[in-house]
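Here's the structure, in structure tokens; my notes come after.
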Amino acid sequence: MTNVRALVLERQHELKLRDIDLPQTVGPGEVRIKIHTVGICGSDVHYYTHGRIGPFVVEAPMVLGHEAAGTVVETGEGVDHLKVGDRVCMEPGIPDPNSRASRLGLYNIDPAVRFWATPPIHGVLTPYVVHPANYTFKLPDNVSFAEGAMVEPFAVGLQAAAKAKIAPGDTAVVIGAGPIGTMVAIAALAGGCARAIVADLAQPKLDIAGGYQGVIPVNIRDKSLAAEVKRLTDGWGADVVFECSGSSKAWETLLDLPRPGGAAVVVGLPVAPVALDIATASTKEVRIETVFRYAHQYERAIALMGSGRVDLKPLISATFPFEDSITAFDRAVEARPADVKLQIRLPD
């Protein structure tokens, strides 16, 4: 363990930039990475404001941050696909490779997964981290560090698109135009959807999402989403509906949106159980899928970004220096209508 500077969540409502002991020794199959950019995720903010997410409770000081990109500065024994100087992003969840879930290819739902900035595992808002090389991915030359730190949330979007089983020409509805919702819409379009109807209450976020070709923004303060979906689909309904808001209210009318035989993909996590209209789901034979993080999506995300087909730069609202990390988190807590993704840049 080595004493290093980091952004530490001491307890609910209390953040400090201070020194803390973190592992820095590189073992076999590992790499040491100089962190360049870290995105602020809604889960980071939730731990700051609530001290917990479901069963995950902050009971000891924890370093925040899990959306990151940086440069390899040291490689361990047996690492041959990465070298010093490689620009990389890192998948933050490390499963047990021998677990039943991992052997089934479902490593994201391995109960033993160790995920950055999920209690009690430290995150990466610190200058250097050590990470398994197999969960570290080289960035194309045309993908910046800031974009590399967006691979993690974009992987969630790709996981949702994969679970939807999109067919070319499908119409999607995305409820919620936050970072995940917008990335789900982008992923759905990249996966073959002809259009994505994105619904939210915040017009500035809808304006950003609407800048992407194929996105149709709907402000549900002014319009009925169900009526708009019916109008745009000639009364048939959407092929797939992605619930990304986490709002329990969305479930009151969610099953009115998919077509008969369509799909509803649950991405947002409500804070409390919601009522599900089983009768409507059954009579329409709506297929319901759920998403928890992602598996096998990083290489796909990087390929799409490197090809130029997906540009996530418009979603980066502001970047803060590491020394202003607490200010960055306090702004994230404000949830300004025009903010999509806030990032923190560490010193060179």
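Treat the numbers as computed from the prediction; the structure is a model and nothing was measured.
The main-chain N or O of T327 is never found under 3.5 Å from a side-chain atom of D324 such that the two would form a donor-acceptor pair. Formation of a donor-acceptor pair under 3.5 Å by the D110 side chain with backbone atoms of D96 is found in this model. When atom types are taken as modelled, the side chain of S245 and the backbone of I175 share no donor-acceptor pair closer than 3.5 angstrom. Looking only at distances, a side-chain donor or acceptor of K205 sits under 3.5 Å from a matching main-chain atom of P337. Between the R293 side chain and the G93 main chain, no donor and acceptor come within less than 3.5 Å of each other. For R336 (side chain) and A338 (main-chain N/O), no donor-acceptor pair under 3.5 Å exists by modelled atom type. Within the 3.5 Å criterion, the main-chain N or O of M150 finds no donor-acceptor partner in the side chain of E147.
Under 3.5 Å, the side chains of T319 and R345 contain no donor-acceptor pair of N or O atoms. Between the side chains of Y107 and E91, at least one donor N or O lies within less than 3.5 Å of an accepting N or O. Inspection of the Q12 and Y47 side chains reveals no N or O donor paired with an N or O acceptor under 3.5 Å.
Put simply, the side chain of Y48 reaches to within 4.5 Å of the side chain of D330, judged on heavy atoms. Considering only heavy atoms from C-beta on, L276 comes within 4.5 Å of I288 through its side chain.
The only member of I33, V79, V130 that meets side-chain contact (heavy atoms from CB on, under 4.5 Å) when paired with V26 is V130. Under the side-chain contact (heavy atoms from CB on, under 4.5 Å) test applied with M90, the options W116, Y135, F137, Y298 reduce to a single match, W116.
Taking the six-membered ring where the residue is Trp, H46 and H50 present parallel rings, their angle staying beneath 30° rather than reaching 60°.
For the pair R32 and Y128, the cation-pi criterion (under 6.0 Å, within 45° of the ring axis) is fulfilled.
Note that the CG atom of L342 and the SG atom of C41 stand 11.5 Å from one another [nearest 0.5 Å].
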Margin query: For V58 and L9: C-alpha separation, side-chain torsions, deciding distance, then whether side chain to side chain contact (heavy atoms under 4.5 Å, CB included) applies.
Written below: CA-CA 8 Å; V58 179; L9 178 61; 3.9 Å; yes
